[in-house]
Amino acid sequence: MDGIREIFAGMPWWVKWVAVPLLAVFVFGGVITSILGALIGIVFKLLLFVGLVGGLIFVVKKFGGGGSKSSSGEW
């Protein structure tokens with residue numbers, strides 16, 4: 001680890017803060033985008049699930065909620 005620090009110590013600032021991050025994005029860009037895409041997909045599916053469950057509860061309460069109160073506490 002000290003060898004890497006010694007190598008970077010002699011480099012200009014733009015190599016450390018511009019060139020190396022750009023190379024990392026170039027090399028690992030596909031991995032980064034696939035991970036971000038998977039995370040966004042999971043969040044979207046989770047929000048869709050929550051919305052559908054909320055809609056189902058709304059529909060059941062609005063149209064099917066007129067039944068007897070004794071059956072509502074059984075489950």
Side-chain angles (χ1 to χ4, degrees):
M1 192 75 169
D2 291 331
I4 295 174
R5 287 183 184 166
E6 290 175 7
I7 291 171
F8 278 111
M11 295 288 166
W13 68 269
W14 60 269
V15 172
K16 291 187 267 190
W17 299 107
V18 178
V20 173
L22 284 177
L23 285 173
V25 168
F26 177 73
V27 171
F28 298 108
V31 175
I32 293 169
T33 55
S34 65
I35 291 172
L36 284 177
L39 286 175
I40 291 170
I42 289 171
V43 169
F44 175 74
K45 288 178 183 178
L46 183 65
L47 289 174
L48 181 65
F49 175 74
V50 169
L52 288 173
V53 169
L56 178 66
I57 291 172
F58 173 77
V59 167
V60 168
K61 285 192 175 211
K62 179 105 175 155
F63 298 110
S68 64
K69 290 285 185 183
S70 64
S71 65
S72 63
E74 289 180 3
W75 73 290

ILVMFWY network linking [X] to [Y], side-chain heavy atoms under 4.5 angstrom:
| X | Y | value |
| --- | --- | --- |
| Trp13 | Val20 | yes |
| Trp14 | Leu23 | no |
| Ile4 | Val15 | yes |
| Trp17 | Ile7 | yes |
| Leu36 | Val31 | no |

I need the [X] [atom1] to [Y] [atom2] distance, nearest 0.5 Å.
| X | Y | atom1 | atom2 | result |
| --- | --- | --- | --- | --- |
| Leu47 | Ile42 | CG | CD1 | 12.0 Å |
| Ile35 | Phe28 | CD1 | CZ | 10.5 Å |
| Ile57 | Leu52 | CD1 | CG | 11.0 Å |

Can you name the closest pair of heavy atoms from Met11 and Lys16 and give their distance?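 Reported closest heavy-atom pair: O-CE, 3.9 Å.
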